[in-house]
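Take a look at the structure set out below.
Computed from heavy atoms alone, side chains included, the values below leave out hydrogens, waters and symmetry copies. Not measured: the values here are computed from a predicted model. Just so it is clear: chains get the letters A, B, ... in the order the sequence lines come, proteins before strands, and each one is counted from 1.
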Protein chains: 2
Amino acid sequence: MAGRQGQGGGAGEKGGGLDFPRPLTTVDIVIFTIRQEALHVLLVRRGHAEGEPFPDAFALPGGFVDVARDADLAACARRKLVEKTGVVSPYLEQLGSWGSATRDPRGWSATHAYFALIPASAAEAALAADARWFALDATGVKPKLAFDHAEILQAAVQRLRSKVEYTSLPAFLMPEEFTLPELQRTYEIVLDRALEKSAFRTRMLSADLIEPIAKMRKGPNRPAQLYRLKAAAAPVYFARTFNAPE
Amino acid sequence: MAGRQGQGGGAGEKGGGLDFPRPLTTVDIVIFTIRQEALHVLLVRRGHAEGEPFPDAFALPGGFVDVARDADLAACARRKLVEKTGVVSPYLEQLGSWGSATRDPRGWSATHAYFALIPASAAEAALAADARWFALDATGVKPKLAFDHAEILQAAVQRLRSKVEYTSLPAFLMPEEFTLPELQRTYEIVLDRALEKSAFRTRMLSADLIEPIAKMRKGPNRPAQLYRLKAAAAPVYFARTFNAPE
DNA sequence: CTAAGTAAGTTGGACAGTACAACTAAGTGT
DNA sequence: ACACTTAGTTGTACTGTCCAACTTACTTAG
């Protein structure tokens, strides 16, 4: 077996090597949003039909790849996201895949996990539309999740945090119009630590990411300049991370 | 379908939703190494047995997940890497997954791609042990690769390059003992651009990554201090990227 | 009406790490 | 002896963060 190669490996190979057990294949999506000054994930409560594992448990939204309908994995993820939240074009990135013999009691299964960032308004709409949906604090204590979804969620939070250190990802969590302090607060919520006000301003304004609009946000105090994402909404990579105080 | 959730979606669902077509599931590994002052990938030439797609084409090493032997995806990737290169514990990271209806003529298939970094000596050993193995320049023109492996390879190069900007990953491409200029050259090969000598030194020496050993490398010129990786060989994340000249 | 309070946004000095170039050190080949 | 090469150091300029103090604009209490 030492020299096995290409797509020809595996047990019970015969006539092309296709007639042996295939893993179950699913796609799951970790949908992040900001609610109540905290990072939340959208979860669905599972049903309790005959044969369904983890009845009534919370789970990441997702499901089996539909070989007949989904051209590829990304299309499958987009389909599920749109079907479920109605969000048109949020940030959607592949997170990784988890596969093992034991993660699903029904057999060897592999899931392709994606993570999405949506603004609070879209999250509220999704929650209002379907009573099975819940939003939970992504970093706090959570109820037992179905499958290995707790592990996937933890990986998603980690990935999000590490990317937020040097990218503009939190901008995708913002409403269309926002102030700089609001954007900074979103960063701080995701990173769970305070950032320097003036360094944050310098960086955000010198990055080719947001642009001021001719409006101000009236608040209880001094009014604040409103900004919006520039047309090219691709994430920006900064040359260095924010300071990480000891 | 708007409210579909959990692991219960899909076409032709019946009695738990398991009796509909499952995608083929494979694991492929992009193995990088440095050869001839260039970043190389290890590829295998496919066979031309009956029913094998892409006969005689170059492909990433990999194969079907073996539901009977592989506890999980990472174990499957490790197994394939060890079986094929004999490398014990190189750097191995999940790259992502590619799945579509068309990437394999035999049907809907999804591959879980990993990428590995191995020192040149391990690569030479693997090449010498099996005549079907080849090492090709990862960034230059390549022959047509089987499946969508060209796309996966390109993604791997991109991921490697972007991580090299702010991590110590190239250290895993080095032999056990190396000099600082050799390490710098490895960075430059991967990034395909020159780096500042003194900034590179400052960064590498202040990072808790390598340690000098009581030996010097005798070369044609002035001898150079030898270093080795510190015990904790986890990748180091730097606070900022190397300068990217316009 | 005034004073205190709060948050937005600016300013300036200290500091860290990189950019760049010039330098010294130690070996080679002619 | 000399030029040549590469290892490694030194020093100045510069960029962007860190941190604290400041101004600006608005609200609320008295």
Q. In whole angstroms, how far is the P atom of C:dT18 from the CE atom of B:M204?
A. 10 Å
Q: Select base, sugar-phosphate, or nothing to describe what A:T179 touches, counting heavy atoms under 4.0 Å on all strands.
A: nothing
Q. Does the distance from a Lys or Arg side-chain N to an Asp or Glu carboxylate O, for A:R185 and A:E37, drop under 4.0 Å?
A. no
(Q) If you assign each of A:T202 and B:Q225 to its closest nucleotide in DNA chain D, which residue comes earlier from the 5' end? (A) B:Q225
Q.
Quick check: do B:L173 and B:V190 have side-chain heavy atoms less than 4.5 Å from each other?
A. yes
Q) Just how far, in rounded Å, is P of C:dA7 from CZ of A:R201? A) 16 Å
Q: Return the value, rounded to whole Å, for the distance between atom CZ of A:R217 and atom P of C:dG9.
A: 11 Å
Q: Kindly point out which of C:dC20, C:dT10, C:dA8 is positioned nearest to the side chain of B:E196?
A: C:dC20
Q: Let me know the distance between OH of A:Y227 and P of C:dA8, rounded to the nearest Å.
A: 12 Å
Q. Base, sugar-phosphate, or nothing for B:S198, non-hydrogen atoms under 4.0 angstrom?
A. base
Q: In plain terms, say whether A:E165 and A:R193 are close enough for a salt bridge, that is, a side-chain N and a carboxylate O under 4.0 Å apart.
A: yes
Q) Nearest to the side chain of B:R203 - D:dT17, C:dT18, C:dG9? A) C:dT18
Donor-acceptor list for residues 213-224 of chain A side chains, cut-off 3.5 Å, not counting sequence neighbours:
| unit_1 | atom_1 | unit_2 | atom_2 | d |
| --- | --- | --- | --- | --- |
| A:K215 | NZ | A:E177 | OE1 | 3.4 |
| A:K215 | NZ | A:E177 | OE2 | 3.1 |
| A:R217 | NE | A:E182 | OE2 | 3.1 |
| A:R217 | NH2 | A:E182 | OE1 | 3.0 |
| A:R217 | NH2 | A:E182 | OE2 | 3.2 |

Q: Write down the distance between CG (B:L205) and C1' (D:dG8), rounded to a whole number of angstrom.
A: 10 Å
**Q.** Salt-bridge criterion met for B:D56 and B:R46 (N-O under 4.0 Å)
**A.** no
Q: Check the surroundings of atom CD in B:Q154: do more than 12 heavy atoms from other residues, nucleotides or ligands lie under 6.0 Å from it?
A: no
Q: Would you classify B:R185 as touching base, sugar-phosphate or nothing, given that sugar-phosphate means primed atoms plus P, OP1 and OP2, and contacts are heavy atoms under 4.0 Å?
A: sugar-phosphate
Q. Separation of B:F200 atom CZ from C:dC20 atom P, in whole Å?
A. 16 Å
Q.
From CD of A:E182 over to P of C:dG9, roughly how many Å is that when rounded to an integer?
A. 10 Å
(Q) I'd like to compare against my own output: the B/S/- annotation of nucleotides 23-30 of chain C with a strict under-4.0 Å heavy-atom distance to protein. (A) --BBBS--
Q: Decide whether B:S97 and A:Q94 meet the rule of one side-chain donor and one side-chain acceptor closer than 3.5 Å.
A: yes
